[in-house]
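Order of the sequence lines fixes the chain letters, A, B, ..., with proteins taken first and strands second; residue numbering starts at 1 for each chain. In this text the structure is predicted, and so the values were computed from the model without any measurement. Values reported hereafter were calculated over all heavy atoms of this structure, with side chains retained and with hydrogens, waters and symmetry mates removed.
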Amino acid sequence: IFLGNSFIGMYAKCGSLSEAREVFDSLPKHDIVSWSALIGGYSEHGPYQEALECLEEMQLQGFLPDTVAYVSALRACANGGFIEKGLELHDELVKKGNEGNPFLGNNLVGLYARCGSFSDAFKVIHMHSACDITAWNALITGLTEHAHFQQAIDCFKDIWRHGVSPDNITFACGLKACSGVGRVHEGFELHMHIISRGLEQDTLIGNTLVGMYSRNGLIPEALHTFDCLFNKDVVSWNALIAGYVEQDMVNEALQCLEQMQVEGILPDVATYVSMIKACSDIGLDDFGVRLHLQVSQIGLNKDLTIGNALINMYAKFGVLSQAQRVFDELPVHDPISWSALISGYGELGFVDGALVTYMKSQEESVSFD
RNA sequence: UAUGAUUUUUCUGGG
């Protein structure tokens, strides 16, 4: 059963929920961990509703969920936006005497922050004694993701006043808040502060700095920060490349792609997505095709984000047959894949293709926003 | 000393 649980956990973590379910169903006996691993998978990758159903189901079968199972289910609520259900679960947990568990308070703050209920998030963080730095990090992240950049920055500064010690994740969150429109000055100040604390070589913080400058089109600053990093990983390169692509500096991006491999770092999904985007942006069709070939050789043409980028690229080049082929080779589609293909047909005046594709999407009940 | 939980950097369409 331990071995079975590891398999469930492994499949659940990489999002192969049907496989996880299969292993689960094939086990003669389950324990709390089997259920929690499965719930954890559904909470992360969906369908989120399924996580909650599992929680019910395990209780029907006589298992008493522990805090791990509950916290996983709470995460499903956060990801799926089921805020009411999340509160209900939280109440159950508190009733069972779990107030002292920091996972709980942290998770609740995360739930509120992700759903945009910031006054509630603040309330919990101020009242719940068991919140730690993780809760603050979640709050800053939530504010940033809802584009409340100044509030996120203020929150970041508040941490010191509350006597909580920031960790490297906190600094990354602060920097991300400063990456929002028009806040780079604060980001620069924070950069100086980070240097004064000797934290600029931290991989997470260093990469976040490169990303902040890069996203804001401050290429010289991004490049300088990048050059100063002792240990450049694939994320560092990706952050720089994304900046170049954004500025249409495709030659520089290309040089990065070569140089990173010279230095022994393999491009990953994010690298290829940026490069494919670069090709579609400036109409570099021959290199785009070469990239398509490359990703196919390593099986990444089945990756959703890469596939979507390729569909978009071929649609822009007017090669709908190839766009369709990439689409067909994808094991799963999301609304972005569908709309990239549909608008590709539409742009070129292939009304039939657009309509047929739209009809198919409706047969699969895809919803567009 | 190896089965499960909360926060974090780079990433996809159209506008």
Side-chain angles (χ1 to χ4, degrees), chain A residues 1-10 12-13 31-41 43-44 66-75 78 101-111 113-114 130-142 144 167-176 179 202-212 214-215 233-243 245 267-277 280 303-313 315-316 323 334-344 346-347 368-369:
Chain A
I1 189 164
F2 275 29
L3 188 64
N5 287 348
S6 324
F7 275 113
I8 299 173
M10 184 187 76
K13 275 201 177 139
D31 63 6
I32 297 195
V33 175
S34 332
W35 282 103
S36 301
L38 194 59
I39 294 175
S43 309
E44 194 58 42
D66 60 2
T67 49
V68 176
Y70 270 110
V71 170
S72 290
L74 271 174
R75 201 171 155 65
N101 187 341
F103 273 106
L104 253 193
N106 294 343
N107 209 327
L108 190 59
V109 172
L111 171 74
R114 205 173 291 203
C131 284
D132 59 23
I133 186 65
T134 302
W136 286 96
N137 294 343
L139 185 52
I140 301 171
T141 301
T144 303
D167 59 9
N168 59 337
I169 297 181
T170 315
F171 283 104
C173 295
L175 286 170
K176 274 219 96 172
S179 308
D202 178 273
T203 308
L204 175 64
I205 294 176
N207 288 343
T208 312
L209 279 165
V210 176
M212 176 183 77
S214 183
R215 238 197 315 278
D233 63 8
V234 67
V235 174
S236 329
W237 285 98
N238 288 345
L240 189 62
I241 290 175
V245 173
D268 69 0
V269 170
T271 323
Y272 284 116
V273 167
S274 286
M275 293 310 304
I276 293 167
K277 196 162 120 73
S280 21
D303 178 276
L304 187 59
T305 53
I306 289 197
N308 288 348
L310 284 171
I311 295 170
N312 183 48
M313 179 186 81
K316 273 200 184 147
D334 68 359
I336 296 177
S337 338
W338 286 101
S339 57
L341 190 60
I342 294 171
S343 66
E347 286 291 320
F368 301 98
D369 48 20

By the 4.0 Å heavy-atom rule, please label [X] as base, sugar-phosphate, or nothing.
X	result
A/V273	sugar-phosphate
A/A270	base
A/T208	sugar-phosphate
A/S339	base
A/I32	base

Among B/rU9, B/rU6, B/rU10, which is the nearest nucleotide to the side chain of A/L204?
-> B/rU9

Could you walk me through whether A/S36 and A/D66 pass the side chain to side chain contact (heavy atoms under 4.5 Å, CB included) check?
-> CA-CA 9 Å; A/S36 301; A/D66 60 2; 4.1 Å; yes

Are A/F103 and the base of B/rA5 stacked, counting only ring centres nearer than 5.5 Å and planes tilted under 30°?
->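 A/F103 ring centre within cut-off of B/rA5 base, planes near parallel; stacks.
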
Does A/D132 offer a backbone N or O that forms a donor-acceptor pair with the side chain of A/N106 under 3.5 Å?
->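 Pair found, side chain donor or acceptor close to backbone of A/D132.
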
CD1 of A/I336 versus P of B/rU12: gap in Å, rounded?
-> 9 Å

Taking atom C1' of B/rU9 as reference, at what distance in whole Å does atom CD1 of A/I140 sit?
->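 Rounded to the whole Å, the gap is 15 Å.
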
Less than 3.5 Å between a donor and an acceptor, one on the side chain of A/D66 and one on the base of B/rG4, is that the case here?
-> yes

Go through the N and O atoms of the side chain of A/N137 and the base of B/rU7, and report whether any donor-acceptor pair is under 3.5 Å.
-> yes

